[in-house]
Amino acid sequence: MMPAPPQRLGLLGGTFDPIHCGHIHAARVAQRELGLDQVHMIVAARPGHRHPPEATPEQRLAMLELACAGEQHLIADPIELNRPGKSYAADTVACIKGQYPDAELFWILGEDAYDTLTEWHRWAQLISLCHMIVLQRPGYSGCEPAALTALREAPDHTQIAKLSEAMLDLSATQIRDALRLGRAVDHWLNPAVAAYIDEQKLYVNQEDSL
Ligand code: ATP
């Protein structure tokens with residue numbers, strides 16, 4: 001018998017350059033707090049709004065697959081690798097809505113990413129298709145765009161919710177920088193991901209984020 005399609009589906013997009021314990025913790029917490037059937041972890045193959053990642057889309061997907069392998073509710077989703085051009089979340093969510101027409105969709109993101117949301121391609125369309133679930137980012141203090149505050153505080157708003165659960169103080173930038181300096185990063189990564197980085201000699205040469 002085919003498994004029942006998910007009714008409540010989380011989507012956590014990222015460059016995952018590399019995927020780290022902060023991402024996995026965020027996905028686990030959102031899954032549990034919102035009662036999600038699954039969380040799709042979506043590699044931004046060619047992100048539109050930031051500097052290009054160091055690892056290739058295929059390498060970042062391989063690391064994501066390793067990190068999700070033992071996770072009951074997390075799925076490494078290659079959807080953006082299969083689409084040419086820039087990876088826009090609005091296109092991805094529209095596509096997933098087509099695959100799961102009856103599911104309620106929840107886009108999960110850190111507050112640093114949320115604060116840039118009104119710069120994303122067709123952001124209004126994006127939030128018309130899914131709820132936005134905003135997670136704290138320790139050490140981050142930014143500013144919510146006025147347009148989003150207004151939406152979030154509207155009496156009948158359903159699209160935007162902030163979760164108060166503690167997150168890990170960790171970023172991929174921190175990991176890339178530590179690797180370049182030859183420091184240990186094992187406590188921040190799934191062991192299989194750490195081994196893959198080592199084997200592929202990732203994040204040792206370039207100095208863009210130092
Ligand atoms: P970088 O340092 O390269 O910018 P990052 O660690 O922020 O990377 P991304 O892949 O850009 O990782 O993040 C994907 C999503 O996960 C974003 O919405 C981001 O806010 C969120 N995120 C990343 N790290 C954490 C964390 N430690 N806690 C909560 N959310 C996080």
Side-chain angles (χ1 to χ4, degrees), residues 10-34 39-57 59-68 71 74 76-81 87-90 92-93 105-120 123 126-127 130-145 148 160-181 185 187-190 193 197 202-203 206-210:
L11 309 170
L12 199 166
T15 43
F16 301 132
D17 191 25
I19 176 93
H20 54 66
C21 296
H23 296 126
I24 296 294
H25 176 74
R28 284 180 186 156
V29 167
Q31 185 278 323
R32 193 184 62 223
E33 291 301 310
L34 301 165
V39 178
H40 284 222
M41 308 288 283
I42 301 168
V43 187
R46 287 162 291 277
H49 60 284
R50 55 173 284 161
H51 61 82
E54 284 189 40
T56 66
Q59 287 170 323
R60 289 180 287 120
L61 177 63
M63 292 189 276
L64 187 58
E65 285 171 345
L66 292 168
C68 292
E71 299 284 334
L74 309 192
D77 191 332
I79 186 168
E80 293 187 354
L81 270 73
S87 311
Y88 294 123
T92 301
V93 174
L105 303 180
F106 300 79
W107 188 274
I108 302 157
L109 75 177
E111 57 187 340
D112 57 315
Y114 170 71
D115 287 351
T116 69
L117 184 61
T118 52
E119 295 158 29
W120 293 19
W123 68 271
L126 171 67
I127 66 171
C130 58
H131 305 283
M132 304 305 289
I133 305 300
V134 186
L135 306 172
Q136 296 186 355
R137 205 72 208 262
Y140 172 80
S141 64
C143 194
E144 181 180 40
L148 296 181
I160 303 170
K162 295 199 172 194
L163 292 192
S164 58
E165 275 69 16
M167 292 291 130
L168 304 185
D169 186 2
L170 181 55
S171 71
T173 302
Q174 212 176 313
I175 293 172
R176 293 193 303 271
D177 289 348
L179 280 163
R180 257 187 289 279
L181 295 169
V185 293
H187 48 301
W188 292 329
L189 296 170
N190 176 301
V193 173
I197 289 173
L202 289 172
Y203 314 119
Q206 298 169 45
E207 294 184 5
D208 67 328
S209 55
L210 280 176

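Both counts, for ligands and for their atoms, begin at 1 and track the order of listing. Quick note: numbers below take in every heavy atom, side chains included, and nothing from hydrogens, waters or symmetry partners.
Contact between A27 and V39 at its shortest, heavy atoms only, is O-CG2, 4.0 Å. Residues E80 and S87 approach most closely at OE1-CB, 3.0 Å, considering heavy atoms. In terms of heavy atoms, W107 sits closest to A89 at CH2-CB, 3.7 Å. For the residue pair P145 and D115, the shortest heavy atom distance occurs at CG-O, 3.4 Å. Nearest heavy atom pair, residue H20 against residue I175, reads CB-CD1, 3.4 Å. Contact record, C130 with F106: CB-N, 4.4 Å, taken as the closest heavy-atom pair.
Ligand 1 does not have E111 within reach: every non-hydrogen atom of the residue lies 4.0 Å or more from it. Ligand 1 lies within reach of G13, whose nearest heavy atom is under 4.0 Å from it. Residue contacts with ligand 1 include D112, since one of its heavy atoms falls under 4.0 Å from the ligand.
Counting heavy atoms only, H23 comes closest to atom 12 (O) of ligand 1 of the residues H23, R176, R60.
Within ligand 1, counting atoms from 1 as listed, the ones closer than 4.0 Å to a heavy atom of T173 are 1 (P), 2 (O), 3 (O), 4 (O). Under a 4.0 Å criterion applied to the non-hydrogen atoms of S171, ligand 1 contributes the atoms 2 (O), 6 (O). The ligand atoms of ligand 1 that sit less than 4.0 angstrom from a heavy atom of Q136 are 29 (C). The L109 neighbourhood of ligand 1 comprises atoms 18 (O), with distances under 4.0 Å to a heavy atom of that residue. Contact atoms of ligand 1 toward A172: 1 (P), 2 (O), 3 (O), 5 (P), 6 (O), 8 (O) (distance under 4.0 Å to a heavy atom of the residue). Atoms of ligand 1 found under 4.0 Å from any heavy atom of G14 (numbered from 1 in listed order, with element): 10 (O), 14 (C).
The main-chain N or O of P53 is never found under 3.5 Å from a side-chain atom of T15 such that the two would form a donor-acceptor pair. No donor-acceptor pair under 3.5 Å is formed between the side chain of T116 and the backbone N or O of E119.
Salt bridge absent: E165 and R32 never bring a charged side-chain N and a carboxylate O closer than 4.0 Å. Checked for salt-bridge contact, R60 and E54 miss the test: no charged N lies under 4.0 Å from a carboxylate O.
Polar contact check, L170 against ligand 1: a nitrogen or oxygen pair lies under 3.5 Å apart. Annotation: F16 places an N or O atom under 3.5 Å from an N or O atom of ligand 1; distance criterion only. Considering backbone and side-chain atoms together, L168 places an N or O closer than 3.5 Å to an N or O of ligand 1. Note: an N/O pair closer than 3.5 Å links G110 and ligand 1 by distance alone. Where the criterion is an N or O separation shorter than 3.5 Å, residue side chain and backbone included, H20 meets it with respect to ligand 1. In terms of N/O distances under 3.5 Å, ligand 1 is approached by T15. Residue contacts with ligand 1: I108 is placed with no nitrogen or oxygen under 3.5 Å of a nitrogen or oxygen of the ligand (distance criterion only).
Between the side chains of Y140 and E111, no donor N or O sits under 3.5 Å from an acceptor N or O.
When heavy-atom distances to ligand 1 are checked against a 4.0 Å cut-off, H25 has no atom that comes that close, whether in backbone or side chain.
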